[in-house]
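Below is one structure, written out as structure tokens; the observations come after it.
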Number of protein chains: 6
Amino acid sequence: MKYGARNQIKGKVKSVKKGDVMSLVKFEVTAPVEMASVLTTESVDDLNLKAGDEVQLIIKAIHVLPIKI
Amino acid sequence: MKYGARNQIKGKVKSVKKGDVMSLVKFEVTAPVEMASVLTTESVDDLNLKAGDEVQLIIKAIHVLPIKI
Amino acid sequence: MKYGARNQIKGKVKSVKKGDVMSLVKFEVTAPVEMASVLTTESVDDLNLKAGDEVQLIIKAIHVLPIKI
Amino acid sequence: MKYGARNQIKGKVKSVKKGDVMSLVKFEVTAPVEMASVLTTESVDDLNLKAGDEVQLIIKAIHVLPIKI
Amino acid sequence: MKYGARNQIKGKVKSVKKGDVMSLVKFEVTAPVEMASVLTTESVDDLNLKAGDEVQLIIKAIHVLPIKI
Amino acid sequence: MKYGARNQIKGKVKSVKKGDVMSLVKFEVTAPVEMASVLTTESVDDLNLKAGDEVQLIIKAIHVLPIKI
């Protein structure tokens with residue numbers, strides 16, 4: 001089984017908050033993580049991103065897909 | 001400055017691969033990470049997600065927004 | 001009227017579950033379907049995707065935009 | 001292996017177009033399909049969506065995640 | 001024709017930059033705009049969002065779907 | 001602070017509707033707006049997009065990230 005996505009992070013469920021239609025689940029990440037972003041080359045140039053730069057990576061929770069192993 | 005997103009991860013740029021329109025940037029994550037996912041309550045029930053469960057979190061790179069500090 | 005998206009699927013509403021802010025709608029697809037995915041070339045190489053391969057296509061419901069005809 | 005997403009569609013790769021950073025992959029869907037959408041309850045009310053309504057479902061290709069079985 | 005999305009903005013194409021697989025299109029917005037965001041209630045509370053607050057709205061270009069009228 | 005996204009729009013909160021897990025926030029946009037979209041080059045060709053064309057830009061509310069200044 002191989003996933004067509006750059007970010008594949010192992011975690012453990014910490015809490016589940018169930019709503020009427022949508023639910024919010026929190027995870028503890030249990031292994032070292034490397035992440036990847038795709039953005040426009042224009043944005044890369046605007047931020048002048050280069051090796052060593054410190055960044056913050058923002059991801060809306062809706063974009064995180066959990067898979068139960 | 002406060003972001004309206006559950007996942008805010010500190011990282012350091014490792015590599016930048018520039019394409020004609022889109023670019024791929026890789027990051028090393030430099031701090032312990034907790035993550036959150038929003039999904040349908042139906043999916044939570046299908047997966048029977050509960051505290052302690054081991055999961056894999058899949059995120060397409062396009063959904064990762066870097067902010068330069 | 002032409003849409004700037006590769007996937008345009010005809011369907012019929014089967015059920016509507018209304019929540020306080022978000023709702024979940026199910027559809028029966030009424031015509032043969034071809035689908036398209038954009039992913040990093042790195043992921044294509046990792047999966048070694050080529051014509052004839054069997055795959056599963058995963059789409060979070062939040063990414064499906066219904067248009068009423 | 002269980003996926004936290006409402007849409008899980010079986011398909012077969014028809015073509016792969018590799019670009020410098022991003023690639024476009026087309027699939028033939030090989031089984032009957034049911035789909036789900038999450039949208040605001042406000043949008044459901046605006047469209048007055050109810051069982052039997054004909055709709056078009058639009059999905060940008062970037063939101064389709066292929067998994068190789 | 002009615003769209004199941006809260007943000008529907010009229011614009012005029014200013015430029016098109018075509019790449020091998022993906023393209024970047026810029027638009028001038030030609031009418032006053034009201035926008036909507038869906039986020040977790042937790043994030044709303046963290047930001048303490050209330051009427052009158054000044055915000056910046058960030059949208060990755062990949063999430064903008066153009067429709068030709 | 002620089003954001004790796006093409007669309008950065010200044011606005012003012014008009015209303016907040018809190019749900020059990022997700023909330024819907026509306027904004028008045030207080031400055032002239034230019035927007036950008038990334039789509040497949042195939043879609044650009046299908047729509048035959050060129051400078052001057054009138055379009056409608058559709059964005060699901062879930063893809064709008066508010067940042068409090």
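Hydrogens, waters and symmetry mates play no part in the numbers below; they use all other heavy atoms, side chains included. Naming: A, B, ... by sequence-line order, numbering from 1 per chain.
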Heavy-atom donor-acceptor pair, D:S37 side chain to C:V64 backbone, under 3.5 Å: yes

Heavy atoms only, distances under 4.5 angstrom: which of C:T30, C:I67, C:I58 has the most pairs with chain D? Name it, please. C:I58

Any idea which of C:A5, C:G19, C:A51 has the most non-hydrogen atom pairs under 4.5 angstrom with chain D? C:A51

Could you check if a side-chain atom of C:I62 sits within less than 4.5 angstrom of a side-chain atom of D:H63, using non-hydrogen atoms only? no

Ranked by heavy-atom pairs below 4.5 Å to chain D, first place among C:I69, C:T41, C:L47, C:D20 goes to C:T41

Kindly indicate whether the side chain of C:M35, heavy atoms from C-beta on, has any atom under 4.5 Å from the side chain of D:K26. no

For chain C, which of D:L39, D:V16, D:L49 has the most heavy-atom pairs under 4.5 Å? D:L39

At their closest point, which heavy atom of D:L24 faces which heavy atom of C:V38, and how far apart are they? CD1-CG2, 3.8 Å

For a 4.5 angstrom cut-off between non-hydrogen side-chain atoms, does C:T40 reach D:M22? yes

At a 4.5 Å cut-off on heavy atoms, which part of C:V21 comes close to chain D: side chain, backbone, both, or neither? backbone

Who among C:V29, C:L65, C:V13, C:V44 has the most heavy-atom pairs with chain D under 4.5 Å? C:V13

Honestly, the part of C:N48 sitting under 4.5 Å from a heavy atom of chain D is both

Interchain contact, C:V33 with chain D, by part (heavy-atom threshold 4.5 Å): both

Under 4.5 Å heavy-atom distance to chain D, tell me which part of C:E28 shows up: side chain, backbone, both or neither. backbone

Gap separating the CD atom of C:Q56 from the NZ atom of D:K68, nearest 0.5 angstrom: 14.5 Å

Measure distances from C:K50 to the heavy atoms of chain D and classify the residue's part below 4.5 Å as side chain, backbone, both or neither. both

In Å, rounded to the nearest 0.5 Å, how long is the span from CZ of D:F27 to CG of C:N7? 9.5 Å

Pairs of heavy atoms under 4.5 Å with chain D: top-ranked of C:S43, C:G4, C:P66: C:P66

Is the number of heavy atoms from other residues, nucleotides or ligands under 6.0 Å of C:K10 NZ greater than 12? no

So C:D45 and D:K18, do their side chains get closer than 4.5 Å, heavy atoms only? yes

Quick check for you: to the nearest 0.5 Å, what is the distance between D:I59 atom CD1 and C:L57 atom CG? 9.5 Å

